[in-house]
Amino acid sequence: MATKEQTEAAAMAAAGDSAPLEARYTPAEIEAKWEARWETQPELYATEPRSSAKPKYYVLGMLPYPSGQLHMGHVRNYSIDDALARYMWMQGYNVLHPMGWDAFGLPAENAALKNNTPPRQWTLQNIAAMKRQMKRLGLAYDWRNEVTTCLPEYYRWNQWFFLRMYERGLAYRRKSKVNWCPQCATVLANEQVVNGCCWRHEEQIVGQRDLEQWFLRITNYAQELLDDLAKLDGWPEKVRTMQRNWIGRSEGAEVAFELEDPSDGSEDEEKARRAGTALLPAREGVKGTGKKIPVFTTRVDTIYGATSLQLAPEHPLVREMAATDPGLSDAVASLLEQQKKARDAGDVGAIEKHGVFTGHYAINPFNGERLPVWVGNYILMDYGTGAIMSVPAHDDRDCDFAKKYGLEIRIVILPRRTGEAAENGESEALLPYIAEDSLLINSGEFNSLGCVEAQHKMAAYAGEHKFGKATVTYRLKDWGISRQRYWGTPIPMLYCGACGIVPVADSDLPVILPENVEITQTGGSPLARMPEFVNAKCPKCGGKALRETDTMDTFVDSSWYFYRYTDAHNDKAPFATDTVAYWFPIDQYVGGVEHAILHLIYSRFWTKVMRDLGLVRNDEPVERLFTQGMVIRNGAKMSKSKGNVVSPDEMIARYGADATRMYSLFAAPPDRDLEWQEDGVAGVSRFLGRVWRFTTKYEERAKGEVGPSAGLSPESQALLRKLHQTIRKITEDFAGRWHFNTCIAAIMELVNALTAAEGAIGEGKVPDAVLAEILRALVLLLAPFAPYLAFELWEHLGEKSDLLRAPWPKFDEALAREEQIEIPAQINGKLRAVVKVSADADEDTLRDAALADEKIRALIAGKEIVRIIVVPRKLINIVVK
RNA sequence: GCCCGGAUGGCGGAAUCGGCAGACGCAGCGGACUUAAAAUCCGCAGACUCUAACAGGUCGUGGGGGUUCAAGUCCCCCUCCGGGCACCA
């Protein structure tokens, strides 16, 4: 059965027999010709040395994972940065526009299982296939500085960086509870857990495991990563906000509550003591056990309203208490069980609050009251100290919990305005009351202070009395990079029986990832099953040592790859500092918003570490960031499961690379989602055909000199005006707005004007010199968007120069200016007439022109003119009664 | 729940600073060319209404209110769609 493409190809071939060759636009032929030519000129897209007089420009699209097939998202992404790169070349910049492969990662192992192909082979095949597709698209990359992260020449520097970080205490190992995806059979970073599920397996609930893990101390840079967001004014505000939230700085205080020694509790207290729902009042003779429970709070001002402490179920003190209390132990176990069940049910956002009283009390250091200590399932062990003071009157979550378990609720802040106090503060129905614009009550010596002032004074008080201090807590956690997988960078560490943990010596790098590996479904790292990999010699004592078998998170690879492009073949260092200093920061980075947090925050961290190592001089890697929208079809993101995927190969085969690329820029502004409509691609292809036919039809006349623009016919003047308006529009858009959809629309308008003027052109009213100017400029304007056609037509116009470095056309304001313009004339804001005036007509002229208009005169006859608003070049509005 | 986007003809979108809403393209309709079709070219095209026709009129940018001579654009309230975060103390 013939496919649709075959049928269409046959139809095209049949048409080719009859139609005159010169009249037909044949993208397949043109593109094959230029692709072959460019292939023989690898230096075409080369950068110039640092000594170049040209200003540098580093434009970069995010490197793809080599899945084997480009998808439309890639086509869109790379059409944007390619257009910009080409434009900057034509503007005379020394352009770096590289490409590479994020080549480590799980799919290669999955593919190995499925097809019995080794990960390396599978990956390199995919890279070859995708590189072919990129070349077919005509993307302007200098492949000589290609970076492939799974090759030892690259990943040895991951290892080298890891050792440098280890030396500085930035890489460390600790046992930690980790997110575990059973399908990946590996650890996931917090960032890779989406709604409690694996980011790769959206249906897979992530579990927890305790493992020894390697971490990078990104939290050392939390404050700088936050502060420097302010410098990134070339980034979308949305991305900066997401990173700000991710870092999650919050200011507050840490206060230590001492566990009470209940041994001499009074008789009267015994009943209350057992329930654990009420405070025990301060009294003489209360003793502490010496065990401190630090809590973190942003609202230390409400501490007199604290009526219980809540500990995370995993809190070490809870474990300790449970050890001697089987009842508590069971209760906590069931809390954790419930939590797990809720999570398994996919109910992650709002797990119902549960808790259990531990039987212990802790002393509020501010007032000596004893608070019942509870275990609450809503307390997170890995944020703050894993323990909180619960203030039900002034916190949503504590309020829920207290109501459920009948804990005391005590109001300690009231609105400043007493009227509101009656309405809000004193009515329990309206609790919790949270506003910080409030005054303290029931708070001892701090009464009647404002909340914010009280926060400072109380933190200082805690400091003076040595039971607390003002602190800052971040949501950002250290970056766990250990993965129990094969296809990644081996972590260059050894475990020696005698010396303990020992780093691999620099001279022994790279630790090569073995290739003859057997991948099985059993999980755990396959490397651990390879004695020839695991058994090593300790560089310290020469004794037997075991190699670390975990590999690095692939986000390590992409955290610094763009530095390597500047010096891709350096085998002495990751790159030369001077070369990086010339090219960095990246002037423009283009990619999907899905990398707003992970990749972009790790990259920023890596840059700061490299700066502190003296390797780079920039604080930030990326000056300007552009996040393009998704490609969707039938309203949904393209995905295999939805069956709405459009293959770039198919589009290119049917309409050509130029049309495919240009459509992806034309159908929507680049920052918005793009609805893929194949008819639209056909439309762009038709347009390119019109350009082709028009230009080739007049190419002989256009081959001569570009002439003077004085003394021309009105037709010529009109065409030149349109041309210079178009150049102006596109030039301005490239400077920042990037609405390439309207740029392409403007080129279409120009071509429409040209074909509409064919009569005049044929009658000789448009001299050859004018045609020469217009057609050359048209081809130059098209070059960033449809490079194949542009190169072909450039040659047709007799140009020998390389179009990529031909100077971008300059617009002439004088030629772009309209002489006569049409101004709307309104009466009471409603359009009634259009008057034609000279473009520089002043207010009086405009008013007179409008009042002289026959239609206007008729409509205002007999009415009183209240006011006339005249905006030169815009409109006239006559207000009448 | 909180924080960002967004909503404009049959469709994708345009209107950059408050000044002719619907550029450009798709789909559609009519015509030219053709034996015919494809390709190509020319023209029409927001809705409603009036008219034999020409010409006109009214409404119209998710909904409601407001500011203004003038609002897709600014302000307030609401609805829906998309994205991010989500017990972060």
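As the structure is a computational prediction, the values presented were derived from the model and not from experiment. All values below come from the heavy atoms of this structure, side chains included, with hydrogens, waters and symmetry mates left out. Chain letters run A, B, ... following the sequence lines, proteins first and then strands; every chain starts at 1.
- With rounding to the nearest 0.5 angstrom, the CG atom of Leu778(A) is 10.0 Å from the CD1 atom of Ile727(A).
- In this structure, Arg832(A) and Leu380(A) both approach RNA chain B, and ranking their closest nucleotides by distance from the 5' end singles out Arg832(A).
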Quick one: which protein N/O atoms are closer than 3.5 Å to N/O atoms of nucleotides 16-21 of chain B? Pair and distance per line, please.
{"residue": "rU16(B)", "atom": "O4'", "partner": "Arg737(A)", "partner atom": "NH1", "Å": "3.4"}
{"residue": "rU16(B)", "atom": "O4", "partner": "Lys729(A)", "partner atom": "NZ", "Å": "3.4"}

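- Nucleic acid contact class of Gly248(A) (heavy atoms, under 4.0 Å, all strands): none.
- Applying the 4.0 Å criterion to OP1 and OP2 of rG25(B), one finds that Asn741(A) has every side-chain N and O outside that range.
- Taking atom P in both rG19(B) and rC3(B), the straight-line distance is 30 Å, to the nearest Å.
- One finds a side-chain N or O of Ser250(A) lying less than 4.0 angstrom from the OP1 or OP2 phosphate oxygen of rA89(B).
- A sub-4.0 Å separation between OP1 or OP2 of rA39(B) and a side-chain N or O of Arg686(A) is absent.
- Taking the P atom of each, rA70(B) and rC20(B) are spaced 15 Å apart, rounded to whole Å.
- Nearest-nucleotide positions on RNA chain B place Thr241(A) closer to the 5' end than the other of Thr241(A) and Asp398(A).
- Within the structure, a side-chain polar atom (N or O) of Arg690(A) is placed less than 4.0 Å from OP1 or OP2 of rC41(B).
- Ion pair Arg721(A)/Glu818(A) flagged as a salt bridge, since at least one NZ, NE, NH1 or NH2 atom sits closer than 4.0 Å to an Asp/Glu carboxylate oxygen.
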Quiz item: Taking it one step at a time, do Leu851(A) and Ile876(A) satisfy side-chain contact (heavy atoms from CB on, under 4.5 Å)?
Solution: CA-CA 10 Å; Leu851(A) 291 173; Ile876(A) 304 132; over 6 Å; no
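- Across rA7(B) and rU61(B), the matching P atoms stand 13 Å from one another, rounded to whole Å.
- Comparing the same atom, P, in rG63(B) and in rU8(B) gives a spacing of 10 Å after rounding to whole Å.
- When both distances must be under 3.5 Å, the Watson-Crick or G-U wobble mate of rC44(B) is rG28(B).
- Of the nucleotides present, rC81(B) is the one that pairs with rG5(B) by Watson-Crick or G-U wobble criteria, both distances under 3.5 Å.
- Base pairing annotation: rA55(B) forms no Watson-Crick or G-U wobble pair, as no partner gives both donor-acceptor distances under 3.5 Å.
- For the C1' atoms, the distance linking rC87(B) with rC78(B) amounts to 29 Å, nearest Å.
- A cation-pi arrangement is not found for Lys353(A) relative to Phe401(A), the charged atom failing to lie both closer than 6.0 Å to the ring centre and inside a 45° cone about the ring normal.
- Comparing rG62(B) with rG13(B), their P atoms are spaced 14 Å from each other, to the whole Å.
- Here, rU51(B) and rA37(B) have their P atoms 39 Å apart, quoted to the whole Å.
- Using a 4.0 Å heavy-atom criterion, one finds that Asp400(A) contacts no nucleic acid atom at all.
- Checking rG83(B), rG12(B), rG57(B) against every side-chain atom of Phe666(A), the shortest atom distance belongs to rG12(B).
- Searching all strands for a Watson-Crick or G-U wobble partner of rG18(B) with both distances below 3.5 Å returns nothing.
- The phosphate of rU40(B) (OP1 or OP2) has no side-chain N or O of Arg24(A) nearer than 4.0 angstrom.
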